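Notes for the one structure printed next.
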There are 2 protein chains.
Amino acid sequence: MEVKVAAIQFACSSDVNENIEKADKAVREASRNGANIILLSELFERQYFCQERRYEYYDFAKTLEENDAVIHFSKLAKELQVVIPVSFYEKDGNVLYNSVAIIDADGTVMGVYRKTHIPDDHFYQEKFYFTPGDTGFKVWNTKFGKIGVGICWDQWFPECARAMAIDGAQILFYPTAIGSEPILDVDSSGHWMRVMQGHAAANLVPVVAANRIGIEKVEPCKENGMQSSSLRFFGNSFITDNTGAIVAKASSDTEEIIYASFDLDAIDKDRLSWGLFRDRRPQEYEGILR
Amino acid sequence: MEVKVAAIQFACSSDVNENIEKADKAVREASRNGANIILLSELFERQYFCQERRYEYYDFAKTLEENDAVIHFSKLAKELQVVIPVSFYEKDGNVLYNSVAIIDADGTVMGVYRKTHIPDDHFYQEKFYFTPGDTGFKVWNTKFGKIGVGICWDQWFPECARAMAIDGAQILFYPTAIGSEPILDVDSSGHWMRVMQGHAAANLVPVVAANRIGIEKVEPCKENGMQSSSLRFFGNSFITDNTGAIVAKASSDTEEIIYASFDLDAIDKDRLSWGLFRDRRPQEYEGILR
């Protein structure tokens, strides 16, 4: 099966409807250009609110059934017959998660994956907002192939990619929100790409990552403890082939849609011919569970 | 602690003593240039005999105590005060392994690691020669830092790198023998580098890989079932930093020694600052043991 994937890169405003409208236009364009699976970035409904800690932001979380983006893109997926993973802030009873709803090409919401690995750095204060996910790593048998979806920080963990590949994922997707590190003053974009290129190379699956761009500022005020900060999201959304080679890449500061096509049957054969899954030694891997 | 590592790349002849002599000269040169840990390629005592299946090649295997290269480089390590992992064909009772002896800077043979993952392709017929290793992944507390050593095919498995990193490895080493694929007709050198760059990036440890070069031919004869083949080993020995960026690389066809220096304490701090080991979720990794 020949599948065309797209990754959408844009800057997010503070207006939910505006962001959904922007994403809607981009998804329609990607579909017109033949994309079957279309990846949006992480938590694209809003600016990256985890830059500061505010109790009132807990109100952003909604159930799967009530989330605006999930409702919107479920309809659009059905209309365009495309698969769309939708990242959103999920409320389940009293517990809040960083989740992604997988929407199949008939508009069905297949379920959610909840981000397993939650970062916690000066301006990526996600442990304040999200409980570590309880769904485990999942593979989704969509109309356009079996896909695995991790969320941002998950992309740094080989275990996540490996678990999805073992379960039969044919392409891995990572909605992302990553940028500058105001304290560390390091450009991690190359590092960020290499770790995912490694997942592709080790598991012989293409990888698709969609990141946001733009500068998002936090002004000092009493409610945030007089914090002042600014993140520049570094874009660089990219797609690799099943050897980890980058086949499409966006810039660090422009709104773009990137594309790549893959013959999933040919890649499945190539994966078997390498013998890597044949030669695994799970009985030797207990150390990974430490 | 500042540590300088070196990877030695050369072509192997069919004469054991000649290869040991060549390796000896290169190790002395690397030491003169300040290297503390010096990596030789996989099974450098001989041409890559796994290209064909011959029962008489089982005689190449010797015990740790009797192997010529281990004896030789144990003395040299003591003389030069350098750490040398020595790849060799090991006989232990009736079982034969693809092993590496870790020699500390005082000449002590610290022990062996036995290759966990054994390939089996048309001209990499290692399952005929080697039983999969039974030592598990190991970390060696040498005079120049804690090192992990995998062997060739192990380098394609994220589990191996991850297990060594979890156990505290500060640098990962991979003695290697890889080249062309006469049947598949694919150049896997980029793929090979990317998978290890991924290990470095995910585990925040430098990676050092030493490969051989040269064309090694097998002539058809009754004893090998009239097989005829030829492998071109593709060199490209390389060293990455702890983000997976390549900081030194050899060519595909010249004899070379490459070097890089690392401040292991600074890298340890950097690793902690990323929080990746903090945010692991081992209880979610059972799927890896499948």
Side-chain angles (χ1 to χ4, degrees), chain A residues 116-121 124 127 132-137 153 156-164 166-167 181 183-184 186 188 190-204 240-245 270 273-276 278-290, chain B residues 116-121 124 127 132-137 153 156-164 166-167 181 183-184 186 188 190-204 240-245 270 273-276 278-290:
Chain A
T116 300
H117 303 99
I118 308 295
D120 195 57
D121 206 348
Y124 296 86
K127 288 195 201 292
D134 61 350
T135 55
F137 309 115
W153 197 231
W156 293 85
F157 296 80
E159 294 89 348
C160 172
R162 189 59 140 190
M164 295 191 290
I166 290 171
D167 272 351
E181 300 278 348
I183 300 275
L184 296 174
V186 63
S188 62
H191 190 177
W192 174 74
M193 285 186 271
R194 284 188 292 273
V195 74
M196 282 181 277
Q197 290 180 269
H199 302 332
N203 296 294
L204 292 150
T240 78
D241 68 13
N242 62 326
T243 73
D270 194 39
S273 79
W274 266 95
L276 286 170
R278 174 195 67 194
D279 295 334
R280 294 182 75 244
R281 303 275 313 277
Q283 68 278 26
E284 300 294 336
Y285 301 158
E286 292 284 347
I288 304 290
L289 302 193
R290 274 181 51 192
Chain B
T116 300
H117 303 98
I118 307 296
D120 195 57
D121 207 349
Y124 296 87
K127 289 194 200 293
D134 61 349
T135 54
F137 309 114
W153 198 229
W156 294 86
F157 295 80
E159 295 89 347
C160 172
R162 189 58 140 189
M164 296 190 289
I166 290 170
D167 272 351
E181 300 278 349
I183 300 276
L184 296 173
V186 63
S188 63
H191 189 179
W192 173 75
M193 285 185 271
R194 285 189 292 273
V195 73
M196 282 180 277
Q197 290 179 270
H199 301 331
N203 296 295
L204 292 148
T240 77
D241 68 13
N242 63 324
T243 72
D270 193 40
S273 79
W274 267 96
L276 286 171
R278 175 194 66 195
D279 295 335
R280 295 182 74 243
R281 303 275 312 281
Q283 68 278 23
E284 300 293 336
Y285 302 159
E286 292 284 346
I288 303 291
L289 301 194
R290 275 179 51 193

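Computed from a predicted model, the values in this text were never measured in an experiment. Order of the sequence lines fixes the chain letters, A, B, ..., with proteins taken first and strands second; residue numbering starts at 1 for each chain.
- In this structure a side-chain-to-backbone donor-acceptor pair under 3.5 Å is present from B:Arg281 to A:Gly133.
- Put simply, the side chain of A:Arg278 gets close to the backbone of B:Asp120: a donor and an acceptor are under 3.5 Å apart.
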- [ ] Might you work through the side chain to side chain contact (heavy atoms under 4.5 Å, CB included) test for B:Trp274 and A:His191, ending with a clear yes or no?
- [x] CA-CA 12 Å; B:Trp274 267 96; A:His191 190 177; 4.1 Å; yes
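- In this structure B:Trp156 satisfies the side chain to side chain donor-acceptor pair (under 3.5 Å) test with no other residue, sequence neighbours excluded.
- Neither the backbone nor the side chain of B:Thr240 comes within less than 4.5 Å of any heavy atom of chain A.
- Between chain A and the options B:Pro119, B:Ser273, B:Ala245, heavy-atom pairs under 4.5 Å are most frequent for B:Ala245.
- Between the side chain of B:Arg194 and the backbone N or O of A:Ala201 there is no donor-acceptor pair closer than 3.5 Å.
- Contact tally against chain A (heavy-atom pairs below 4.5 Å) for B:Asp279, B:Leu289, B:Val195: the top residue is B:Asp279.
- Among B:Gln197, B:Met196, B:Arg280, B:His199, the residue making the largest number of heavy-atom pairs under 4.5 Å with chain A is B:Arg280.
- Interface summary for chain A: among B:Met164, B:Met193, B:Lys127, the most heavy-atom pairs under 4.5 angstrom belong to B:Lys127.
- With respect to chain B, the highest number of heavy-atom pairs below 4.5 Å among A:Ile166, A:Asp134, A:Leu276 belongs to A:Leu276.
- With sequence neighbours excluded, the residues forming a side chain to side chain donor-acceptor pair (under 3.5 Å) with B:Arg290 are A:Asp167, listed by chain and number.
- Your options are B:Glu284, B:Glu159, B:Gln283, B:His117, and the one with the most heavy-atom pairs under 4.5 Å with chain A is B:Glu159.
- Both the backbone and the side chain of A:Glu286 come within contact range of chain B, judged by heavy atoms closer than 4.5 Å.
- Only the backbone of B:Ile118 comes within less than 4.5 Å of a heavy atom of chain A; no side-chain atom from C-beta onward does.
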